[in-house]
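So the structure is just underneath, and the comments pick up after that.
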Amino acid sequence: MISYIYIIILLIETIHASTYLLPLSKCPREDSLRKCLDQYIKGTLNYRDDFLVYSADLEVEYNQRIIHFPVAFIHPIDVLDVQNAIKCGIELDYPIVARSGGHSYEGYGIGDKDCYLVVDLVNFNKTTINVTSQTAIIETGNKLNSLYYSVNQYGFASPGGVCPFIGVGGLITGGGVGFLNRKFGFSSDNILDAQIVLANGTVVNNAKKYPELLWAIRGAGNAGYGIITTLTLRIYPIPKVVTSLTFIYDWDQIPLLISVMNQFGNNFHQNLTLLISIVKFKTYIDGIYLGSADELQPHVQEFIKLTKPKSVSYSENDLYNLLTRSSESFNETGSFKVKSFFINSDGLSGKGVQHLMKFIESFECEFRIEIILLGGGRVNEIMRNETAFVHRGFMNHMVIKAVEPSEMCLQNLEFFSHYFQQKYTNYESYQNLIDRQLDNWQCRYYRENFEKLVEIKRKYDPYNVFHWNQSIPINTEISCFQ
Ligand SMILES: Cc1cc2nc3c(=O)[nH]c(=O)nc-3n(C[C@H](O)[C@H](O)[C@H](O)COP(=O)(O)OP(=O)(O)OC[C@H]3O[C@@H](n4cnc5c(N)ncnc54)[C@H](O)[C@@H]3O)c2cc1C
Ligand SMILES: *[C@@H]1O[C@H](CO)[C@@H](O)[C@H](O)[C@H]1NC(C)=O
Ligand SMILES: *[C@@H]1O[C@H](CO)[C@@H](O)[C@H](O)[C@H]1NC(C)=O
Ligand SMILES: *[C@@H]1O[C@H](CO)[C@@H](O)[C@H](O)[C@H]1NC(C)=O
Ligand SMILES: *[C@@H]1O[C@H](CO)[C@@H](O)[C@H](O)[C@H]1NC(C)=O
Ligand SMILES: *[C@@H]1O[C@H](CO)[C@@H](O)[C@H](O)[C@H]1NC(C)=O
Ligand SMILES: *[C@@H]1O[C@H](CO)[C@@H](O)[C@H](O)[C@H]1NC(C)=O
Ligand SMILES: *[C@@H]1O[C@H](CO)[C@@H](O)[C@H](O)[C@H]1NC(C)=O
């Protein structure tokens, strides 16, 4: 039996204080590992005994509900550092994991238990825009907001997510659900090429020369194929001034709102994406339209007439400002649990809405529900097997996010979600809203693409160097064909 002695580290930051109970005992072969890393890595290495910098690295994790204690955080400054980190890790039999933005909802950017070797890509922060080829070459340690900023400067857009501080490395390779999906597809649909460091240390500079590897990282690139250092993305010219809208409703208008959305969803102009948010006891719609407010209004006139919002407002600005304007609200780390649902092409039924309302009215913890419109969008014009990202043909993606959930709330959320998914929504769930409680996650995240993903994994990481609880395995007995 190993006995742990804990010491309490209090890291006072400007915003808030965090307490970590760091195990004082060492990881296996830790001294040899450190020797190897110290010798070969040029970037900063943060070990447990350097408490302050190590704790600051733990603080990067957005979801503080799940914290493990890696053996070290490596901050490579170039690809050679990444290669050497992998070499040292393999030589001393450590599991290795990449971290870009630290926004995994299950903390998988630091592994799924103590003593992972974390390759943090924070120094991989360059972005190059090529206007002629309409591409962005972006290093994966960037946050979405720097991608938005760079493309905006040249009058372009790239589909991302709703929160601007998510890492490019995790979000784009696992899908990317946000305001421009109806027009430009999911983020992963726009990956044209990548630089990847494989498990055997080889650097693949152009993943497009390896079609199956490129196929896999467009939807499962954050599930254990290697450490992706750079992505080449297709970007799109857009108008200089675009429009955001906000419609506010009363709580009891939710059923009406959803039924009108179901009726109109597939027919909205692709330049428009709408997102319904429900918090206790408020509901509103945010939208982005690629065009002016004058051009937008005819597209939503009928919708407004039927749903009778309590207030309607439009704001014209450049896309960067609109996507990042309420940034502060996204920045607070804390404890979260999310559940993901895809809603079939008819939309959520009246009964489904009723069931949902009953649940949230009695839910004891703070929550947030976001229902984004996908119906009639570019995302649904792409085939399910064209990339590893399988989820196509849906009206909406819906997230339920519990904030600082108690044990009781977690249990109630689990129970509800299981039933709700079975009865009212599709079988599939979104892999970027990773959820360790989800049963049959392999099929829910990847469906009929799962077996091909396993085959490709076996080819590029045959010894399963990059592994954690919900990474793609090298073998499987599961078949996800319907
Ligand atoms: C507050 C919040 C809001 C969110 N909003 C949205 C949203 O609007 N739309 C949406 O689509 N998603 C959203 N997400 C989910 C988000 O897309 C995923 O959590 C995403 O995987 C996070 O990426 P990251 O790089 O920040 O995370 P990390 O924790 O760094 O990594 C996540 C996973 O990807 C792997 N990974 C990271 N970088 C690399 C790399 N360079 N090479 C290989 N593997 C890598 C990690 O090992 C880990 O398993 C949100 C998450 C949070 C916490
Ligand atoms: C990018 O990373 C380098 C190396 O760590 C750092 O010096 C620089 O300040 C970073 N740039 C930005 C914009 O964060
Ligand atoms: C931009 O793309 C064009 C067309 O593909 C290419 O000819 C050019 O060399 C690229 N520019 C840079 C600076 O890489
Ligand atoms: C839709 O968006 C495109 C940019 O992608 C823009 O060129 C076009 O004018 C927009 N159309 C309308 C009707 O607003
Ligand atoms: C939010 O956090 C990110 C880093 O995760 C930082 O770059 C940014 O400046 C912060 N923004 C605000 C508005 O606090
Ligand atoms: C997708 O499936 C179709 C048949 O259903 C097949 O013709 C096509 O080659 C597949 N595409 C890929 C990329 O596997
Ligand atoms: C590493 O693996 C890749 C993919 O299987 C292969 O192409 C490459 O030759 C391997 N490199 C070495 C040094 O074995
Ligand atoms: C990993 O998954 C297994 C089975 O799915 C589960 O028993 C175990 O608790 C999980 N571990 C973590 C750290 O989530």
Side-chain angles (χ1 to χ4, degrees), residues 43-44 60-66 75-78 82 95-112 116 118-135 137-146 149-150 159-179 181 186-188 192 194-197 217 220-232 275 323 329-334 336-338 340 368 370 372 389 397 399 401 403 430-435 466-472:
T44 320
V60 168
E61 286 299 304
Y62 179 83
N63 193 359
Q64 296 279 318
R65 187 170 57 83
I66 293 152
H75 302 99
I77 56 166
D78 57 20
V82 176
I96 304 164
V97 78
R99 181 169 75 172
S100 291
H103 271 56
S104 165
Y105 274 112
E106 296 292 0
Y108 289 142
I110 53 174
D112 66 8
Y116 268 71
V118 177
V119 179
D120 185 305
L121 295 155
V122 65
N123 297 319
F124 283 71
N125 63 6
K126 287 196 203 62
T127 309
T128 315
I129 306 299
N130 186 329
V131 172
T132 318
S133 60
Q134 306 204 348
T135 54
I137 300 180
I138 184 157
E139 291 183 334
T140 47
N142 278 288
K143 305 277 166 33
L144 286 179
N145 67 334
S146 41
Y149 182 79
S150 313
V162 176
C163 157
F165 302 115
I166 305 167
V168 159
L171 180 127
I172 292 182
T173 60
V177 174
F179 282 110
N181 293 156
F186 293 111
S187 309
S188 59
L192 300 175
Q195 182 187 59
I196 309 175
V197 186
I217 65 162
N222 58 11
Y225 289 89
I227 299 185
I228 303 172
T229 45
T230 304
L231 291 167
T232 303
L275 171 70
L323 290 176
S329 65
F330 292 114
N331 246 17
E332 293 205 7
T333 60
F336 305 94
K337 180 74 198 181
V338 288
S340 154
R368 179 181 190 88
E370 290 182 349
I372 199 164
F389 193 91
H397 177 253
V399 190
K401 175 168 165 181
V403 181
Y430 175 30
Q431 57 268 39
N432 257 345
L433 295 191
I434 197 120
D435 172 4
F466 305 108
H467 70 87
W468 55 94
N469 243 7
Q470 293 179 307
S471 59
I472 303 289

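Hydrogens, waters and symmetry mates are skipped; everything else that's a heavy atom, side chains included, is used. Counting convention: from 1, in listed order, for ligands and their atoms alike.
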Within the side chain of T135, is there an N or O that forms a donor-acceptor pair under 3.5 Å with the backbone of T232?
no
Below 3.5 angstrom, do we get any N/O pair linking T132 and ligand 3?
no
If you measure from each heavy atom of [X] to ligand 1, is any distance below 4.0 Å?
X    : result
G178 : no
G226 : yes
W468 : yes
G221 : yes

Is the shortest N/O to N/O distance between [X] and ligand 1 below 3.5 Å?
X    : result
S104 : yes
N432 : yes
Y430 : yes
G170 : yes

Protein heavy atom at shortest distance from [atom]:
atom                    : value
atom 12 (N) of ligand 1 : L171 CD1, 3.5 Å
atom 24 (P) of ligand 1 : G101 N, 3.4 Å
atom 28 (P) of ligand 1 : G102 N, 3.4 Å
atom 13 (C) of ligand 1 : I166 CD1, 3.6 Å
atom 34 (O) of ligand 1 : N222 CB, 3.1 Å

Using a strict cut-off of under 4.0 Å between a residue heavy atom and any atom of ligand 2, list the qualifying protein residues by chain and number.
N123, N125
Taking 4.0 Å as the limit for heavy-atom contacts, which would you say applies to [X] with ligand 1: side chain only, backbone only, both, or neither?
X    : value
V177 : both
T229 : neither
V162 : both

For a quick test of your reading: what N or O donor-acceptor pairs under 3.5 Å do the side chains of residues 169-176 make, sequence neighbours left out?
residue : atom : partner : partner atom : Å
T173    : OG1  : G169    : O            : 2.6
T173    : OG1  : G170    : O            : 3.4
T173    : OG1  : N222    : N            : 3.4

In terms of the angle between their ring planes, are [X] and [Y] parallel, tilted or perpendicular, with boundaries placed at 30° and 60°?
X    : Y    : value
W468 : Y108 : tilted
H467 : Y116 : tilted
Y62  : H103 : parallel

Candidates S100, G161, G111; heavy atom nearest atom 30 (O) of ligand 1 found on S100
Please work out which of N469, D120, I228, I227 has its closest non-hydrogen atom nearest to atom 41 (N) of ligand 1.
I228
V119 pairs by side-chain contact (heavy atoms from CB on, under 4.5 Å) with which of I227, V97, T229?
I227
